Amino acid sequence: MVVSWVSSAFSEKLHTTKHVAHVCLLLIVVFLFEVGAGGLWGGTPTTAAYPPLVTLLFQLLRLLPLLALPQAVFNFLGFICFNAFPERAKLKGSPLLAPFLCLRVVTRGDYPDLVRTNVNRNLNTCLRVGLEKFMIEVVTDKKIDLPENQRIRQVVVPSSYRPKSGALFKARALQYCLEEDVNLLADTDWIVHLDEETLATEAAIRGILNFVIEGRHQFGQGLITYANENIKNWFTTLADSFRVSDDMGKLRFQFKVFHKPLFGWKGSYVVTQTGAERRVTFDHGPDGSVAEDNYFGMVALREGYSFDFIEGEMWEKSPFTIYDFLQQRKRWLQGILLVVHSPHIPVSTKWLLAVSLYSWITMPLALASVVLSTIFPVPVPGFINVVAAFVGAVNFYMYIFGVIKSFRVDRLGWLRMTMCVAGALITMPFNFLVENIAVVRGLVGNKHKFYIVDKVMGAPDKVVSTV
């Protein structure tokens, strides 16, 4: 008993120490950026003279970092307000008393071996945690050779199925599961939405159990990391370290403090109460079918449902090629454009998502303004320098923290961890380049397109679905 208490106390202190070190490092990075940009001192006035229109243009460009300020603030507060290295979650109740869980995997059926392998792994993970009342449901366009029993159910979406609003792609498959003659779940049951490559960990299953046992919120989401097991592409994996930080910062803060998807959310590791999901639905037409996750989240927010952050991580893989990485970002941008411009979602619901989107769209101009400001300095209020330095520092640090959170020192050692952090920082300029290309292509291309990245190395040609 004493040994257990000492071990628990030591573990708690260790996790607290790691969090304090992380916060100190973040504050140091912010301080250095502010000093480097002259933000703390208000900047150096310039006497250079340009034509009025040119001066105005440069000044407007210097204002662009303001668009990224809200999400930078949410990420910053998420990092410092909540322990970034929490202890292993303990079950708050017996799995036997938990509501029924349905782990729902949506796939086109193009990678049957991957689906079979991951269904088996997720099934065993649930059993190891002691989960009793659950099943894994595979929703597919093409029938897969799967064992079907009380634990595994396969739902094949008929090619003739058309939702009332004309929803497409993944939204169409998800909506089919909610139809009266297909759905087997009670309104009080819970659905865990996974992509075909998503692997649940024991920590995630425990976190989900705690979330549904408490039952205070209808929707939840947790952390996804991308650097587990075999890494297929180091560039895309290191670039995705930014997404890990985004989960632990902005996503965590908006759910724990406001219990709302103010900036949107992801489409995997989504936990929903069946009754709430059926009322929100995925049947929102073509505009709600490209970024169906964000459209669903905005509708749920509009209807007054509440959200929370779920402890415990799940595992996924980053895109295997840079082309897939670019296409993935392009689809996200186009899908969110459709969400933000939808007349069915009020501005009061989506304004922070819109600000985040436009900060992404104007990223090429914002980066250009940083370069131009050193060559063609123009007078701007001192707070602009403070904001620009703060946004830059938080985004810079997100790559560092994302690597630390994804790879973990206890697994790699300090030397290899340092090399991974350095690698992430080195890839930053190339990542910005790819993101900028995705912005340009996303703005000029067909918005109603759903690009599916390869999930298996050496897979056949990619599948692109269009309206």
Side-chain angles (χ1 to χ4, degrees), residues 105-115 117-118 169-170 193-200 221 223-247 251 264-270 290-294 313-337 360 363 395 398-399 402-403 405-407 420 423-443 445-447 449-466:
V105 180
V106 176
T107 174
R108 286 179 56 87
D110 294 325
Y111 306 105
D113 291 338
L114 174 68
V115 173
T117 298
N118 288 350
F169 317 133
K170 185 178 179 180
H193 291 282
L194 308 176
D195 286 339
E196 57 194 346
E197 77 273 21
T198 309
L199 289 172
Q221 187 161 70
L223 167 69
I224 295 178
T225 60
Y226 307 89
N228 306 286
E229 299 181 330
N230 296 325
I231 296 175
K232 304 298 184 182
N233 187 309
W234 278 92
F235 173 86
T236 58
T237 302
L238 290 172
D240 271 340
S241 62
F242 190 91
R243 296 176 64 194
V244 175
S245 290
D246 202 57
D247 285 355
L251 186 82
W265 63 340
K266 306 185 299 289
S268 185
Y269 196 169
V270 170
V290 180
E292 81 292 330
D293 46 3
N294 276 296
E313 69 182 73
M314 289 196 182
W315 297 353
E316 290 187 358
K317 293 293 184 186
S318 296
F320 295 158
T321 67
I322 294 178
Y323 180 77
D324 275 355
F325 183 87
L326 187 154
Q327 290 293 104
Q328 183 188 64
R329 267 55 179 181
K330 173 187 170 184
R331 176 174 69 81
W332 291 347
L333 182 136
Q334 290 179 326
I336 297 173
L337 268 170
W360 186 7
M363 183 170 61
N395 282 277
M398 287 176 72
Y399 283 94
V403 169
K405 191 67 180 176
S406 299
F407 290 90
C420 287
L425 299 180
I426 291 171
T427 61
M428 278 180 61
F430 303 101
N431 186 33
F432 288 149
L433 177 62
V434 173
E435 294 272 3
N436 287 335
I437 294 173
V439 167
V440 174
R441 295 189 62 183
L443 291 175
N446 176 15
K447 305 294 187 297
K449 181 180 289 188
F450 199 97
Y451 184 90
I452 302 173
V453 301
D454 278 348
K455 305 295 176 65
V456 178
M457 288 294 287
D461 292 343
K462 303 174 179 63
V463 179
V464 179
S465 302
T466 58

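Here the structure is a predicted model, which is why all the values come from computation and not from measurement.
- Note: Q221 CD to M314 CE = 10.0 Å, rounded to the nearest 0.5 Å.
- With sequence neighbours left out, K170 forms a side-chain hydrogen bond (donor to acceptor under 3.5 Å, both in side chains) with D195.
- Listed by chain and residue number, F169, R331, L338 satisfy the side-chain contact (heavy atoms from CB on, under 4.5 Å) test with V290 (two or more places apart in sequence, or in another chain).
- Of the possible donor and acceptor atoms, none in the side chain of N294 sits under 3.5 Å from a partner among the backbone N and O of I336.
- Although no hydrogens or angles enter the test, the distance criterion places no donor-acceptor pair under 3.5 Å between the side chain of E313 and the main chain of L223.
- Formation of a donor-acceptor pair under 3.5 Å by the E196 side chain with backbone atoms of L114 is not found in this model.
- Qualifying salt bridge (charged side-chain N to carboxylate O under 4.0 Å, His left out) partners for K405, counting only residues two or more places apart in sequence or in other chains: none.
- Between the NZ atom of K266 and the NE2 atom of H193 there is a distance of 14.0 Å, given to the nearest 0.5 Å.
- In this structure, the side-chain contact (heavy atoms from CB on, under 4.5 Å) partners of L433, at least two apart in sequence or on a different chain, are I437.
- Closest non-hydrogen pair, A424 versus S241, comes out as CB-OG, 4.4 Å.
- Looking at residues two or more places apart in sequence or on another chain, you find no salt bridge (charged side-chain N to carboxylate O under 4.0 Å, His left out) involving D293.
- Taking both residues in full, the closest heavy atoms of W360 and R329 are given as CH2-O, 3.5 Å, listed atom of the first, atom of the second, then distance.
- When the ring-ring contact (aromatic ring centres under 6.0 Å, His included) test is applied to Y226, no partner is found at least two apart in sequence or on another chain.
- Of all heavy-atom pairs between L251 and G264, the closest is CD1-O, 4.1 Å.
- Nearest heavy-atom pair across T198 and N118 is N-ND2, 4.4 Å.
- With sequence neighbours excluded, no residue forms a side-chain hydrogen bond (donor to acceptor under 3.5 Å, both in side chains) with N436.
- Within the model, atoms CG of L333 and CD of Q328 stand 12.5 Å from one another, a figure rounded to the nearest 0.5 Å.
- Every residue two or more places apart in sequence or in another chain that forms a side-chain contact (heavy atoms from CB on, under 4.5 Å) with T237 is listed here: A227, I231, S318, F407.
- In terms of heavy atoms, I224 sits closest to S268 at CD1-O, 3.9 Å.
- When the side-chain hydrogen bond (donor to acceptor under 3.5 Å, both in side chains) test is applied to N395, no partner is found at least two apart in sequence or on another chain.
- Looking at residues two or more places apart in sequence or on another chain, you find a side-chain contact (heavy atoms from CB on, under 4.5 Å) between T427 and F235, L238.
- Applying the ring-ring contact (aromatic ring centres under 6.0 Å, His included) rule to Y399 yields the partners F242; only residues at least two apart in sequence or on another chain are considered.
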Report the C-alpha distance between V403 and L425 in whole Å, list the side-chain angles of each, state the deciding distance to 0.1 Å, and finish with yes or no for side-chain contact (heavy atoms from CB on, under 4.5 Å).
CA-CA 10 Å; V403 169; L425 299 180; over 6 Å; no
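- In terms of the salt bridge (charged side-chain N to carboxylate O under 4.0 Å, His left out) criterion, E316 has no residue partners (sequence neighbours excluded).
- Judged purely by atom type and a 3.5 angstrom limit, T236 has no side-chain atom pairing as donor or acceptor with the backbone of F320.
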